[in-house]
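First, the structure itself, so that you have it in front of you.
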Amino acid sequence: MAFEVTATRRRPKTFDELAGQEFVSATLRKSIEAGKIAHAYLFSGPRGCGKTSAARILARSLNCEKGPGVDPCGVCSNCTEISKGTSLDVIEIDGASNTGVNDVRQIKDEVLFPPNSGHYKIYIIDEVHMLSNNAFNALLKTIEEPPPYIVFIFATTELHKVPATIKSRCQQFAFKLIPIETIKDLLAAACKELSIEAEDEALFWIARESTGSLRDAYTLFDQVASFSEGHIRTALIREKLGLVGLDNLNAIAEACADSDTGAAFALLDNVIENGVSIEQFIIDLAGFYRSLLLLKSGVTKESLLGYAPERFSEKVIAALDLQRIEQGLKILLETHRAIRYSVSPRFELETAIAELCILVKWVSQEDLRMAIEGVRSLFGANPSGANPSARVNAAGREAEEQPTGGAERSMADEFKRRIAARGNSGAERAESRHPPEEGGVMPPEVGFVEKVFQATVVD
């Protein structure tokens, strides 16, 4: 028997099987139960989230021989023909291939004829936003006042391209991305159906990589299952698909937290030699720092982190605060953008790793500003309540008031005097009221404070 891909084999056939779209399912069920069937529906949302499946479920519910009803039997001739795509009363049209007015004119001629064996004649137009403006305009009257046995179901991934005149004539349903936990549970059910063993971590990885699209998840699942020999494992996925792996990410992040650039470069070289692409490494490392950011913010949800919280290095979490993790994430995201135009993507990556190795010493602008304000306050250069402009003006007036015959004393000299005074004792402290003579020995921190203050005193 021919192989059938998982996405097709496990396509939902009832509203109860439509995963992650509870609002859509509940609304359509209530409409069918009340007999309030609209002339036109517009399903919009990301790819692979169930728009076409919902359209087929609605078609079966309306044309089932035992219906219309919310639970089609699935065994009558109408249900089976709709499932196979051979029903004469359910016409599926690809909007990208039928974009002209002539295609719409054919639809307008066909709607004059009643359904062959079902209760309704249903037109499902996928990617309806691809129709031309003239084709949309030709549909307007037909959509607004069709025969009572006609139902239009439009599906699109780009709702903003559908004219407002079409939207206003349709009942609109917005499909959402499917939660990762739901996708993981469906993948586990698919494994059970195929008698395949799978690690939870591996299924979480597949669900996370699908980014909310169930069809993408099933496609990736088929690929992984083809080389897993009945046992889907994270280590095997990492080996075959060229992924970095959490153990390697922890080791590299720990080397960066220790400021051990040599060890970080050695680990990076080992990962790249194992076949991991530079772009994939940056993506995985950025995802690692993103998970650290979530952990530092109190998020422990495994579906968001990608792994169990306890699997992340405690050493890295303790060494980096929120601001440093954010800075590390910015470095990696900028590197990912830069490698597109770089003469050597590996050089860009190694530069980023070197920057991550000094991340523990990185000081944010806010921390630097607060430190400078604290130093100013400590040495009397920051009178309470005075703003920076007032401090600079006060310093200028103080300099002007000094006798013209003596040497002018800058605020940096005052810093020198006060720091030197702290390093002396007794009589030396009294003598330190004047700045040291040229060539004298000064505490090592004086030069740093003078440079920082001179660079920021005019802020």
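Sequence positions, counted from 1, serve as the residue numbers for this chain.
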Check F15 against S25 and note the closest heavy-atom contact, atom names and distance.
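That would be O-OG, 3.3 Å.
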Can a salt bridge be assigned to the pair R346 and E350 using a cut-off of 4.0 Å between side-chain N and carboxylate O?
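Salt bridge between R346 and E350, a charged N being under 4.0 Å from a carboxylate O: yes.
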Tell me if the CD atom of E310 is crowded by more than 12 foreign heavy atoms within 6.0 Å.
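Counting neighbours around CD of E310, more than 12 heavy atoms of other residues, nucleotides or ligands fall under 6.0 Å, so yes.
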Sub-4.5 Å side-chain heavy-atom contact between I358 and W362:
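A side-chain contact is absent here, since even the closest heavy-atom pair is not under 4.5 Å.
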Between R47 and T211, is there a side-chain heavy-atom distance shorter than 4.5 Å?
yes
Close side-chain approach of E326 and Y289, heavy atoms under 4.5 Å:
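Contact flag for E326/Y289 side chains = no.
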Taking side chain to side chain contact (heavy atoms under 4.5 Å, CB included) as the criterion, tell me which of L42, I107, I124 meets it with F152.
I107
Evaluate whether atom CZ of F227 has more than 12 neighbouring non-hydrogen atoms of other residues, nucleotides or ligands under 6.0 angstrom away.
yes
Look at R238 together with D247 and state whether they make a salt bridge at an N to O cut-off of under 4.0 Å.
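Result for this pair is no, no salt bridge flagged.
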Any donor and acceptor pair, going by atom type alone, linking the side chain of S226 with main-chain N or O of Q223 inside 3.5 Å?
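Side chain of S226 to backbone of Q223, a donor-acceptor pair under 3.5 Å: yes, one is there.
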Quick one: does T6's side chain have a donor or acceptor within less than 3.5 Å of a partner on D222's backbone?
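Side chain of T6 to backbone of D222, a donor-acceptor pair under 3.5 Å: no, none is there.
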T165 versus R169: any side-chain heavy-atom pair under 4.5 Å?
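T165 vs R169: side chains touch.
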Rounded distance [0.5 Å steps], CD1 in I82 versus NZ in K13:
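Taking CD1 in I82 and NZ in K13, the distance rounds to 13.0 Å.
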Mind listing the closest non-hydrogen atom pair of S53 and R11 along with its distance?
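Heavy atoms of S53 and R11 come nearest at OG-NH1, 3.0 Å.
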Once you round to the nearest 0.5 Å, how far does CG of D260 lie from CD1 of I252?
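If we round to the nearest 0.5 Å, D260:CG and I252:CD1 are 12.5 Å apart.
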Using a strict threshold of under 4.0 Å (side-chain N to carboxylate O), is an ion pair present between K184 and E201?
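Here E201 does not pair with K184 in a salt bridge, since their nearest N and O are not under 4.0 Å apart.
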Please answer whether the main-chain N or O of H336 pairs with a side-chain N or O of E279 as donor and acceptor at a distance below 3.5 Å.
no
Side chains of F221 and S210: does their closest heavy-atom pair fall under 4.5 Å?
no
For the atom pair CG (L359) and CD1 (I353), what is the distance rounded to the nearest 0.5 Å?
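Reported value, rounded in 0.5 Å steps: 11.0 Å.
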Determine, for E158 against K161, whether the closest basic-nitrogen to carboxylate-oxygen distance falls under 4.0 angstrom.
yes
What heavy-atom pair brings G48 and S213 nearest, and what distance separates the two atoms?
CA-OG, 3.4 Å
Check for a donor-acceptor pair, side chain of T80 on one end and backbone N or O of S77 on the other, with a separation under 3.5 Å.
yes
Could you check if a side-chain atom of F312 sits within less than 4.5 angstrom of a side-chain atom of L246, using non-hydrogen atoms only?
yes
Stepwise side chain to side chain contact (heavy atoms under 4.5 Å, CB included) test for I196 and H231:
CA-CA 6 Å; I196 296 177; H231 188 190; over 6 Å; no
Between N274 and N270 (side chain of the first, backbone of the second, donor and acceptor by atom type, cut-off under 3.5 Å), is there such a pair?
yes
Please report the C-alpha distance between Y307 and F204 in whole Å, then the side-chain angles of each, then the deciding distance to 0.1 Å, and finally whether the ring-ring contact (aromatic ring centres under 6.0 Å, His included) criterion is met.
CA-CA 8 Å; Y307 301 92; F204 261 122; 9.5 Å; no
So, are R9 and E193 salt-bridged, with charged N and O less than 4.0 Å apart?
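So R9 pairs with E193 through a salt bridge.
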Step-by-step side chain to side chain donor-acceptor pair (under 3.5 Å) determination, E127 to T156:
CA-CA 4 Å; E127 299 300 335; T156 178; 4.8 Å; no
Rounding to 0.5 Å, atoms CG (L203) and OG1 (T234) come to a distance of 8.5 Å
State plainly whether the residues R60 and D71 are in salt-bridge range, i.e. N to O under 4.0 Å.
no
Can you give me the closest heavy-atom contact between S61 and I32, atom names plus distance?
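Of all heavy-atom pairs spanning S61 and I32, the closest is CB-CD1, 3.7 Å.
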Please evaluate residues C64 and N78 with respect to the criterion side chain to side chain contact (heavy atoms under 4.5 Å, CB included), reporting the C-alpha separation (whole Å), side-chain torsions for both, the decisive distance (0.1 Å), and the verdict.
CA-CA 6 Å; C64 178; N78 287 345; 6.0 Å; no
Can you tell whether the side chains of E92 and R56 come within less than 4.0 Å, N to carboxylate O?
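The answer is yes: the pair qualifies as a salt bridge.
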Side chain to side chain contact (heavy atoms under 4.5 Å, CB included) evaluation trace for V128 with I93:
CA-CA 9 Å; V128 70; I93 300 172; over 6 Å; no
Mark yes or no for whether N250, through its side chain, and R311, through its backbone, hold a donor-acceptor pair below 3.5 Å.
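Between the backbone of R311 and the side chain of N250 there is a qualifying donor-acceptor contact (under 3.5 Å).
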Tell me the closest heavy-atom pair linking G328 and L356, and the distance in Å.
CA-CD2, 3.7 Å
Expected output: side-chain S297 to main-chain L293 donor-acceptor under 3.5 Å:
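Judged by distance alone, yes, a pair lies under 3.5 Å.
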For a quick check under 3.5 Å, do D284 and Q280 share a side-chain donor-acceptor pair by atom type?
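Indeed, the side chains of D284 and Q280 share at least one donor-acceptor pair under 3.5 Å.
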From CA spacing to verdict: side chain to side chain contact (heavy atoms under 4.5 Å, CB included), S44, F175:
CA-CA 6 Å; S44 63; F175 285 65; over 6 Å; no
Please check: side-chain N/O of E199 versus main-chain N/O of I232, any donor-acceptor pairing under 3.5 Å?
no
What verdict does the ring-ring contact (aromatic ring centres under 6.0 Å, His included) test give for Y41 and F154, after you've listed the backbone C-alpha separation in whole Å, the side-chain angles of each residue and the deciding distance to 0.1 Å?
CA-CA 6 Å; Y41 297 90; F154 304 135; 9.9 Å; no
Of the non-hydrogen atoms in A319 and V360, which two are nearest, and what is the gap between them?
O-CG1, 4.3 Å
Look at the rings of F23 and F173 and say which category their plane angle falls in: under 30° parallel, 30 to 60° tilted, over 60° perpendicular.
tilted
Hey, does V70 have a side-chain heavy atom less than 4.5 Å from the side chain of K30?
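No, their side chains stay 4.5 Å or more apart.
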E355 and K330: salt bridge (charged side-chain N to carboxylate O under 4.0 Å, His left out), yes or no, with the steps?
CA-CA 11 Å; E355 292 179 1; K330 289 179 182 178; over 6 Å; no
Output yes when D126 and K51 qualify as a salt bridge under the 4.0 Å nitrogen-oxygen rule, no when they do not.
no
The reported gap from CG in L28 to CZ in F43 (rounded to nearest 0.5 angstrom) is 5.0 Å
Do Q106 and E110 pass the side chain to side chain donor-acceptor pair (under 3.5 Å) test, and can you show the C-alpha distance, the side-chain angles, and the key distance before you say yes or no?
CA-CA 6 Å; Q106 181 179 351; E110 291 176 355; 3.2 Å; yes
Evaluate whether atom NZ of K296 has more than 12 neighbouring non-hydrogen atoms of other residues, nucleotides or ligands under 6.0 angstrom away.
yes
Distance in Å, C79 SG paired with K84 NZ, rounded so as to fall on 0.5 Å steps:
12.0 Å
Are the side chain of N137 and the backbone N or O of N133 linked by a donor-acceptor pair below 3.5 Å?
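Here the side-chain-to-backbone pair exists.
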D89 side chain near N63 side chain, heavy-atom distance below 4.5 Å:
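Sidechains of N63 and D89: in contact.
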Short side-chain to backbone donor-acceptor contact, S228 and G230, under 3.5 Å:
no
Between the side chains of E81 and T86, does any donor sit under 3.5 Å from an acceptor?
no
